[in-house]
Amino acid sequence: MNKQEKEQIAASIQQKFIELFQTRPLLVQSPGRINLIGEHTDYNKGYVLPAAIDKVTVVAAQQRSDNFINVYAADLEAMVEADLSQELLPAHNWSDYVLGIVQQFVRLGLPVKGFNLVFGGNVPLGAGVSSSAALECAVAFALNELFQTNLTTLQMVKLAQKAENEFVGVNCGIMDQFASMFGKKNRVLKLDCNNLEYEPVPFEMDEFKIVLLDTNVKHSLGSSEYNVRRSQCEEGLHLLNQAFPDLHNLRDASLEQLNQVLLPKSTVLYNRCRYVMEENNRLLDACHQLHHNNMRAFGELMYGSHKGLSGLYEVSCPELDFLIEQVRPVSEVYGARMMGGGFGGCTINLVKSQAVEALIESVGTAYQQHTGKTMQAYIVQIGNGTSLL
Ligand code: GLA
């Protein structure tokens, strides 16, 4: 997305706000995210390698003098109202991402009052690029400004994750909110989810494009499987811990330990934990390859990640697997894998620039013939995190 497009989105959200509430708002933008490698590792206190993208949610907000909250979703042309003097309850729709943040401010005893808010943008919904985190982070950032609550960026990240855990009801890790807030142009963030230390790693690729191929299969993270994976990993670690009391993180487990403790007990737990252990190792290897600018090896690790997600972790789906099979033999596609929680959404592909157009065309046609569904493609660039506009 070029600067002009972002300005257009901001201008139209601002205009809508003025039209509805007759006053000038504060404007905040917050991006969606990609993840190069390190999937389902964040809630296992492992490593992830996400980046913010140049697709953003823009929030326009202004405080009111009473306790009412009006939230307008410009793209859906829908308004939700709430009253801060009463308990906020989830409505199980988009408004939960806004009111969940408000609830966290209230729970922390922060001086939040009524406000009007309009939002919209171009982060694709349900594609696995965390449109929800983009909205949560934009709202947290806007409320922090409006009510001068002086939260640090990391505090806002944690607050947004908690809102998703407690109000939306998805037991997600911290990756999406972290990437949306801390994203840096042309950098991927090597984040250690065990201690939240991170390193922005240069990812400047003149010859490559990051292409997202969207299955158009809508995943619903809330639909149990995500939380099931999470508790399977906890159970696996608990069993390992009984035999090896010093082991507190799946990424530190060895294959011998998994073989000894988990294999005799449960193939499912063994597979889940093996995937997590291997994915963490793949990520460290990938960062090493990136450092040496060895993109072939980096891409191969992405393919390896997909294999693990599909076979051992079982969070892929036939449509995602089909998209990977299609690009695997294409030499200009250096690496590809499903991205995000899984069960739908998109694949992330590292593609030589000159091959992008033909690839989208041919894979799109094959996808349509094979599944009867329409594939969508997004070419994304790595952008900056949440900010005022
Ligand atoms: C979703 C969650 C993240 C992360 C990914 C899988 O995007 O919100 O916290 O667990 O799935 O890597």
Side-chain angles (χ1 to χ4, degrees), residues 30-53 55 96-97 100-101 123-137 157-183 188-194 196 198 212 214-215 217-234 250-251 272 275-280 282-283 286 301-302 304-306 308-310 312-317 320 337-348:
S30 193
R33 65 101 188 90
I34 50 171
N35 186 24
L36 270 303
I37 194 162
E39 214 65 85
H40 287 274
T41 42
D42 61 352
Y43 55 82
N44 283 306
K45 296 188 188 152
Y47 300 102
V48 288
L49 198 64
I53 55 174
K55 304 237 176 278
D96 290 355
Y97 301 115
I101 296 291
V123 186
L125 303 181
V129 289
S130 275
S131 52
S132 53
L135 177 55
E136 289 158 355
C137 291
V157 167
K158 289 182 178 170
L159 180 153
Q161 182 201 9
K162 225 163 162 228
E164 178 120 8
N165 293 165
E166 293 177 3
F167 203 77
V168 182
V170 180
N171 218 357
C172 68
I174 202 164
M175 168 170 76
D176 305 346
Q177 292 79 8
F178 196 97
S180 186
M181 280 277 190
F182 280 103
V188 288
L189 308 178
K190 182 185 170 199
L191 170 65
D192 180 343
C193 300
N194 193 32
L196 297 185
Y198 79 104
L212 307 181
D214 188 351
T215 57
V217 175
K218 299 294 169 209
H219 57 161
S220 165
L221 272 183
S223 73
S224 65
E225 285 301 315
Y226 183 91
N227 293 346
V228 170
R229 293 300 174 283
R230 197 171 170 150
S231 48
Q232 286 169 336
C233 291
E234 279 163 14
L250 284 178
R251 75 187 189 199
R272 306 296 189 244
Y275 161 76
V276 173
M277 186 263 285
E278 289 178 348
E279 181 74 350
N280 277 297
R282 268 191 292 268
L283 185 143
L301 290 159
M302 291 174 75
S305 168
H306 184 80
L309 285 160
S310 181
L312 295 176
Y313 215 64
E314 295 182 284
V315 290
S316 186
C317 64
L320 285 166
R337 55 180 209 85
M338 57 149 274
M339 191 178 73
F343 304 104
C346 63
T347 63
I348 175 169

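Whatever order the structure lists ligands and atoms in, that order sets their numbers, starting from 1.
- At a heavy-atom cutoff of 4.0 Å, ligand 1 is contacted by the side chain of R33 but not by its backbone.
- Within the model, atoms CD1 of I37 and NE2 of H306 stand 12.5 Å from one another, a figure rounded to the nearest 0.5 Å.
- For N165 (side chain) and V170 (main-chain N/O), a donor-acceptor pair under 3.5 Å exists by modelled atom type.
- Remark: ligand 1 atoms within the under-4.0 Å shell around heavy atoms of C172 are 2 (C), 8 (O), 9 (O).
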For E314 and R229: C-alpha separation, side-chain torsions, deciding distance, then whether side-chain contact (heavy atoms from CB on, under 4.5 Å) applies.
CA-CA 9 Å; E314 295 182 284; R229 293 300 174 283; 3.9 Å; yes
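- Relative ring orientation between Y198 and F178 is described as perpendicular, the plane-to-plane angle rising above 60° on a 0-90° scale split at 30° and 60°.
- Ligand 1 places these atoms under 4.0 Å from at least one heavy atom of M175: 4 (C), 5 (C), 12 (O).
- Under a 4.0 Å criterion applied to the non-hydrogen atoms of G173, ligand 1 contributes the atoms 9 (O).
- Every atom of ligand 1 with a heavy atom of Y43 under 4.0 Å away is listed here by number and element: 10 (O).
- Counting atoms of ligand 1 from 1 in the listed order, those under 4.0 Å from a heavy atom of D42 are 3 (C), 4 (C), 9 (O), 10 (O).
- Proximity of a side-chain donor or acceptor of N194 to a complementary backbone N or O of G46 within less than 3.5 Å is not detected.
- Some N or O of Y226 is nearer than 3.5 Å to an N or O of ligand 1, by distance alone.
- H40 and Y313 have tilted rings, their planes meeting at an angle from 30° to 60° on a 0 to 90° scale.
- Near G340, meaning under 4.0 Å from any of its heavy atoms, are these atoms of ligand 1: 6 (C), 11 (O).
- Between N35 and ligand 1, no N or O atom pair is found at a separation short of 3.5 Å.
- The distance from atom OG of S130 to atom CG of L125, rounded to the nearest 0.5 Å, is 11.5 Å.
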